[in-house]
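Here's the structure, in structure tokens; my notes come after.
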Amino acid sequence: MAAIGRFQKGDDIFFAKVVDGELFHLQGDVFGSPSYDKKPLPLRGVKTLTPVAPSKVIAVGLNYADHARETGKSLPKEPLFWLKAPTSLIPDGGKVEIPFPAHRTDYEAELAIVIGRKMRNVTPAAAARYIFGYTAAQDITDRTIQQAEGQWARCKSFDTFTPMGPYVETKIDPHDLTIQLFQNGQLRQNSNTSQLIFDCYQLVSFISTNLTSCREISSLRHPQRDWADCLGDRLEVRIQGLSPLVNTVK
């Protein structure tokens, strides 16, 4: 496995390879053919950022067969996607802020695809060449607003509503991974990417036929069931082969 993170020390923002908790500074283009320092960085004063800073965040709904069965909905004939604001991103360890505490606010664990190359009209067979890697994420939703407005941009795009990270795993097969979410240590979601109706390569291909995708675009897919946030909650996303993503609710 090859985990790549994005970090900050003082005014310097940089990428680094993460090996057994040590950071090796990346030289060159992270999406090209980078090299890495041989000596690890001193960790003092280093802050973990979201692993990418995407120009778009593309979310895909009702894409797990077990979720569709639970809701009693028919399987979609093609992927259902919408955009979330990149300003909703926060890193591992960041705090989710609930703008309207009286509203119902739900969370869902996600596997995020990170696109590393500009693409348009890519076939499923070629999609893997455009994927930089995968990371863990959450999709936070204000259900009260969602039900009142009937569209999903505002209810899912508040600041802090897309936790992501901590690192991008660049060498992993995404097609049979357990994906779980724990609320205060209690298992709330438990699914597997083998349940995907449209797999990662099909999603990337479909999205590329509808809009041009550039570097550092993240694509989220929804697993089964959602649960309500409460102030002080500790939310942990665990995806097989990825570092866990942990956030708290402020």
Side-chain angles (χ1 to χ4, degrees), residues 50 52-68 70-90 96-100 103-115 118-122 124 127 130-131 134-164 174 179 181 189 191 193 195-229 237 245:
T50 55
V52 288
S55 61
K56 304 183 193 70
V57 178
I58 305 169
V60 180
L62 197 65
N63 195 38
Y64 279 70
D66 48 5
H67 187 195
E70 285 183 345
T71 60
K73 296 180 179 179
S74 301
L75 299 185
K77 296 182 179 179
E78 58 184 14
L80 309 171
F81 74 82
W82 68 95
L83 299 178
K84 294 190 69 171
T87 50
S88 67
L89 291 165
I90 57 169
V96 176
E97 299 182 14
I98 306 300
F100 302 107
H103 291 189
R104 179 182 173 92
T105 305
D106 291 345
Y107 56 81
E108 296 171 289
E110 312 287 354
L111 175 68
I113 307 169
V114 179
I115 304 301
K118 184 176 180 179
M119 65 177 188
R120 177 70 171 154
N121 293 325
V122 171
Y130 295 82
I131 296 174
Y134 302 86
T135 190
Q138 279 197 64
D139 178 35
I140 311 294
T141 307
D142 185 314
R143 296 294 184 201
T144 305
I145 292 175
Q146 184 182 38
Q147 292 168 8
E149 295 185 349
Q151 57 80 33
W152 297 358
R154 185 164 78 102
C155 68
K156 290 176 174 287
S157 289
F158 288 103
D159 290 357
T160 77
F161 270 31
T162 313
M164 180 179 290
I179 176 168
L181 192 142
Q189 291 176 223
S191 192
T193 57
Q195 289 287 317
L196 286 171
I197 298 166
F198 303 101
D199 67 27
C200 294
Y201 301 158
Q202 291 171 315
L203 288 177
V204 168
S205 174
F206 180 81
I207 290 169
S208 78
T209 64
N210 289 271
L211 51 84
T212 298
S213 297
C214 303
R215 288 179 171 184
E216 300 182 346
I217 294 174
S218 302
S219 175
L220 310 181
R221 295 85 50 82
H222 289 217
Q224 64 187 74
R225 196 176 292 138
D226 48 30
W227 297 85
D229 283 326
V237 178
L245 169 67

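Every value quoted in this text rests on a predicted model; they were computed, and no experiment measured them.
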For the residue pair [X] and [Y], what are the closest heavy atoms and their distance?
| X | Y | result |
| --- | --- | --- |
| Ala136 | Val237 | CB-CG1, 4.0 Å |
| Pro86 | Pro54 | CB-O, 3.6 Å |
| Phe206 | Glu78 | CE1-OE1, 3.7 Å |
| Tyr134 | Cys200 | CE2-SG, 3.9 Å |

Flag side-chain contact, heavy atom, 4.5 Å: [X] against [Y]:
| X | Y | result |
| --- | --- | --- |
| Phe100 | Ile145 | yes |
| Ile179 | Gln189 | no |
| Phe161 | Pro99 | yes |
| Pro163 | Ile140 | yes |
| Thr162 | Glu110 | no |
| Asn63 | Pro79 | no |
| Ser213 | Ile207 | yes |
| Val52 | Thr135 | no |

Give, for atom [atom1] of [X] and atom [atom2] of [Y], the distance between the pair rounded to the nearest 0.5 Å.
| X | Y | atom1 | atom2 | answer |
| --- | --- | --- | --- | --- |
| Cys155 | Arg104 | SG | CZ | 13.0 Å |
| Leu181 | Tyr107 | CG | OH | 5.5 Å |
| Ile90 | Leu245 | CD1 | CG | 8.0 Å |
| Ile197 | Gln202 | CD1 | CD | 10.5 Å |
| Phe81 | Asn210 | CZ | CG | 4.5 Å |
| Phe158 | Lys84 | CZ | NZ | 11.0 Å |

_When you compare the side chains of Lys156 and Thr141, does any donor N or O come within less than 3.5 Å of an acceptor on the partner?_
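There is such a pair between these side chains.
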_Polar side-chain atom of Arg143 near backbone of Thr105 as donor-acceptor pair, under 3.5 Å_ =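 Pair absent, no side-chain N/O of Arg143 close to backbone of Thr105.
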_Determine whether a donor-acceptor pair (N or O, by modelled atom type, separation under 3.5 Å) exists between the side chain of Thr50 and the backbone of Leu89._
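No.
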*Starting from the C-alpha separation in whole Å, work towards a yes-or-no answer on side chain to side chain contact (heavy atoms under 4.5 Å, CB included) for Ile58 and Leu211.*
CA-CA 11 Å; Ile58 305 169; Leu211 51 84; 4.1 Å; yes
